[in-house]
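Read the structure below first, then the notes.
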Amino acid sequence: MSTGPGTGSAPTPDIRDRYGSPTPRARLLSSLKVRNYRLFFLGQVVSNNGTWTQRIAQDWLVLSLTGSSTAVGITTALQFLPLLLFGLYGGVLVDRLPKRPVLAATQVVMALTALALATLTLTGRVHVWHVYAAAFAVGIATVFDNPARQSFLAELVGPSLLRNAVGLNSANFQSARLIGPAIAGLLITGVGTGWAFLLNGVSFAAPLICMMLMRNRELRAVERAPRGKGQLREGLRYVAGRPELLWPIVLVGFFGTFALNFPVHLSAYADDVFDAGAGAYSLFNTLVAAGSLAGALLTARHESARRRLPFLAALAFGVLQIVAAAAPTLWSFALLMVPMGLFAMVVNVATNATMQTSTAVTVRGRVTALYMMVLLGGAPLGAPVVGWITDTYGARAGLAAAGAVATGTAAVTGFLLLRAGDHRVAVGWRRRRPWIRIVPREPGESGG
């Protein structure tokens, strides 16, 4: 892999095929040729592992303090409630501000929150409301962190490598889901949840140091939006007028609100259905992470992605949730976590890449903020509902209901995008095999 300057250089011959084209491995790692992106990526490797360690410990601590899946859902809701309330305004501000200082500030806030929660837990003074307050504080920081982080990628790598950088960033985050839950499981069972919070607080030093080491001259110049009135409405109108942005955002809104409540579902299955404790909860999260990592790497290898991909992946994810709801044993349930993680990540990365590459630079922060708001900000509405269904009717009913929502939403929004793009579904039979394709609508053909 080349270690050339941030402007990038051609791949070395050993990663080209016999026709002179970059190999799949070269395409997968292309963004890492950029020095500033390598630093960003390295800082996130450390910080993301700390984040996932705390996330697992936080959910388990709430369950231990309350014995309630609804309480776990409330914690998730409080962490993402600020996104729902203020996410769009965060995007407006991020479009106006330099991204690196914003990211440095959010990392400091998250570090202090983790260290405060560590102190309370290690001294035996922690109560569930402390966890709620910490989750809400992290949510406030995330309002600015998410759009700034996504928009900053364009400054690091430029438009030609942006889709690859989005995929690698997601792979980075998801690889931490393999390591973070394992660390959390060891710390929870070995020395207690407080050490998991302490580890996360210290881990934020890595991205701060890496951002200090970046070279300003190698950052891509990106136009910032001027201060003005009506910028929030401008961003909403921009999305509303583009079906290729609107319907994927609607999809991830329902998907994030009702289908992606892994903390509620997995903690309930580990504790209530299989009576297997924190070790099983950590295992389930690790297997979801393995599938998610595979999904992120799969999408990062391709320079372009078809617009129907998020809808097909969401449909497959919903069907798998319904199947998993009826899984008879712990291991049959655990096995389904891998493909569920894969399809969930394909939805996330493919939609995120569409938001980044199909949006004008001056509104990218607002569009990204809207995307993140509907993906993560729906949790304050969905998580308590899913938690209540789980507590009232059982974990299996809660998971099946989430799968039904994912399946139905994928089918409806996919159909609406096809209509907006003047396409239709064609079904046929070739060489003794059925096929389904998306084809242009014929002239004069009804769109109803």
What distance do [X] atom [atom1] and [Y] atom [atom2] have between them, rounded to the nearest 0.5 Å?
{"X": "Leu266", "Y": "Asp59", "atom1": "CG", "atom2": "CG", "value": "9.5 Å"}
{"X": "Leu312", "Y": "Phe343", "atom1": "CG", "atom2": "CZ", "value": "9.5 Å"}
{"X": "Thr51", "Y": "Asn200", "atom1": "OG1", "atom2": "CG", "value": "4.5 Å"}
{"X": "Arg38", "Y": "Ser31", "atom1": "CZ", "atom2": "OG", "value": "11.5 Å"}
{"X": "Leu208", "Y": "Ser203", "atom1": "CG", "atom2": "OG", "value": "10.0 Å"}
{"X": "Phe41", "Y": "Leu39", "atom1": "CZ", "atom2": "CG", "value": "12.0 Å"}

Q) Looking at Phe284 versus Phe262, is the centre-to-centre ring distance below 6.0 Å? A) no

Heavy-atom donor-acceptor pair, [X] side chain to [Y] backbone, under 3.5 Å:
{"X": "Thr392", "Y": "Ile389", "result": "no"}
{"X": "Thr351", "Y": "Asn348", "result": "no"}
{"X": "Asn48", "Y": "Gln44", "result": "yes"}
{"X": "Thr413", "Y": "Trp247", "result": "no"}
{"X": "Arg125", "Y": "Leu120", "result": "no"}
{"X": "Asn285", "Y": "Tyr281", "result": "yes"}
{"X": "Thr257", "Y": "Phe254", "result": "no"}
{"X": "Tyr37", "Y": "Ala165", "result": "yes"}

Q: I would like to know whether Val346 and Phe317 meet side-chain contact (heavy atoms from CB on, under 4.5 Å); could you show each step before the answer?
A: CA-CA 10 Å; Val346 170; Phe317 178 86; over 6 Å; no

Result block: side-chain N/O donor-acceptor pairs under 3.5 angstrom for residues 132-148, not counting sequence neighbours:
| residue | atom | partner | partner atom | Å |
| --- | --- | --- | --- | --- |
| Thr142 | OG1 | Val138 | O | 2.7 |
| Asp145 | OD1 | Thr106 | OG1 | 2.7 |
| Asp145 | OD1 | Gln107 | NE2 | 2.9 |
| Asp145 | OD1 | Arg149 | NH2 | 2.8 |
| Asp145 | OD2 | Arg149 | NE | 3.0 |
| Asp145 | OD2 | Arg149 | NH2 | 2.7 |

Which heavy atom of [X] sits nearest a heavy atom of [Y], and at what distance?
{"X": "Ala324", "Y": "Arg396", "value": "O-NH1, 4.4 Å"}
{"X": "Gly185", "Y": "Thr189", "value": "O-OG1, 2.7 Å"}
{"X": "Thr66", "Y": "Val128", "value": "CG2-CG2, 3.8 Å"}
{"X": "Asp391", "Y": "Ser68", "value": "OD2-OG, 3.7 Å"}
{"X": "Ser332", "Y": "Ala327", "value": "OG-CB, 3.6 Å"}
{"X": "Leu78", "Y": "Pro82", "value": "O-CD, 3.3 Å"}

Is the shortest side-chain heavy-atom distance between [X] and [Y] below 4.5 Å?
{"X": "Val108", "Y": "Phe204", "answer": "no"}
{"X": "Pro310", "Y": "Pro248", "answer": "no"}
{"X": "Leu65", "Y": "His127", "answer": "no"}
{"X": "Trp331", "Y": "Leu283", "answer": "yes"}
{"X": "Phe311", "Y": "Leu251", "answer": "yes"}

Q: Walk me through it: do Ile179 and Trp52 pass the test side-chain contact (heavy atoms from CB on, under 4.5 Å)?
A: CA-CA 8 Å; Ile179 301 172; Trp52 275 107; over 6 Å; no

Q) What is the ring orientation for Phe333 with Phe274, classed by angle as parallel under 30°, tilted 30 to 60°, or perpendicular over 60°? A) tilted

Q.
For Ser64, give me all partners under side chain to side chain donor-acceptor pair (under 3.5 Å), at least two apart in sequence or on another chain.
A. none

Q: Give the intermediate values and the outcome of side-chain contact (heavy atoms from CB on, under 4.5 Å) for residues Leu61 and Phe197.
A: CA-CA 11 Å; Leu61 176 61; Phe197 302 138; 3.8 Å; yes

Q: Show your working on side-chain contact (heavy atoms from CB on, under 4.5 Å) between Gln79 and Arg55 and close with a plain yes or no.
A: CA-CA 11 Å; Gln79 186 158 334; Arg55 184 168 296 184; 4.1 Å; yes

